[in-house]
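Here the structure comes first, spelled out in structure tokens, and everything after it is commentary.
Heavy-atom basis, side chains included; hydrogens, waters and symmetry copies ignored. Just so you know, these numbers come straight off a predicted model, no measurement behind them. For ligands, and for the atoms within them, numbers begin at 1 and follow the listed sequence.
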Amino acid sequence: MIFDVHSHTWQYPDHFTDQFQEQARHARGGKELDLTVHYEEYRSTAPEDTRTVVFGGKARLSGLWVDDQFVADYVQQHPDTLVGFLSLDPTQPGWEEELRQGHQELGLKGIKLMPMYAGFRPDGQDLDPMWQYAQDNDLPVLLHTGTTFVAQAPLECTLPRHLDPVATRFPGVKIILAHLSHPYENECVVVIRKHPNVYADISAIHYRPFQLYHSLMLVQEYGVWNKLLFGTDYPFTNIEASIEGLFGLNKMLEGTALPRLDEEQIHKVIYRDTASILGL
Ligand SMILES: [Zn+2]
């Protein structure tokens, strides 16, 4: 069984500002980025028994806002395959209410944060009530870590090292650093190695294959393959392309003596029982 720990639902472009769309276009060399979500399209490259975590995203600073109700309604249409997470932007009033509502009333099972996009530090003391709530209620927290194309999103907020003190203060919270924190994979690897409760997802990084090869060699040499979780970041990419991307990495090395990635470990990442790890 495949468990995709990172996917989105939203109405594109309704949930985004014009500025976000404009900046997204620059990110792909001027090409129009179609971020429309179609459940059937997503499922078309997913094995039958695939289960998927889905969230929207909230980051006022960057021009993205998807209400948790929208996510809950989407999950309700496909309850056998989808697990919904709520989103929070703690720079905006009302986030504590949204946390309780998303969990207790909408039945969402985890929390998605976008510190860089929203412009906050995940280790700020003012966020401790959220971490405490997550710990008390067994809610995993998945954070965007790593860079973005959004100009006003501060790099300082995205560094994986900020989760180090959080993981120490809240050892009962399962924390997932998204995208292996690209291009800060070295920091990501040392944080997930230190803390039993911290993991990383490998979503949406296969289209930079040499960087991903290098990042997974770091993972291999530090011995933290067991801390990686499979994810796609749909609609940015899908399951088939993500798997092909992973198994394509060693093929780049043909004719060289460079060390190979352990393909048995890659296989284990793809088929990891993430639902049990995160208690979902
Ligand atoms: Zn994402």
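Any protein N/O/S atom under 2.8 Å from the Zn ion (ligand 1) was counted, giving 3 altogether.
Shown here are the side-chain contact (heavy atoms from CB on, under 4.5 Å) partners of Pro171, two or more places apart in sequence or in another chain: Gln135.
Applying the salt bridge (Lys or Arg N to Asp or Glu O under 4.0 Å) rule to pairs touching residues 55-76 yields Lys58-Asp68, Lys58-Glu98, sequence neighbours excluded. For residues 250-280, the set of pairs meeting the ring-ring contact (aromatic ring centres under 6.0 Å, His included) definition, not counting sequence neighbours, comprises His267-Tyr271.
Using a 4.0 Å cut-off between charged nitrogen and carboxylate oxygen, Asp128 and Arg169 count as a salt-bridge pair. Between Glu40 and Arg43, no side-chain nitrogen of the basic residue sits less than 4.0 Å from a carboxylate oxygen of the acidic one, so the salt-bridge criterion is not met.
The closest donor-acceptor contact from the side chain of Ser7 to the backbone of Tyr234 lies at 3.5 Å or more, if one exists at all.
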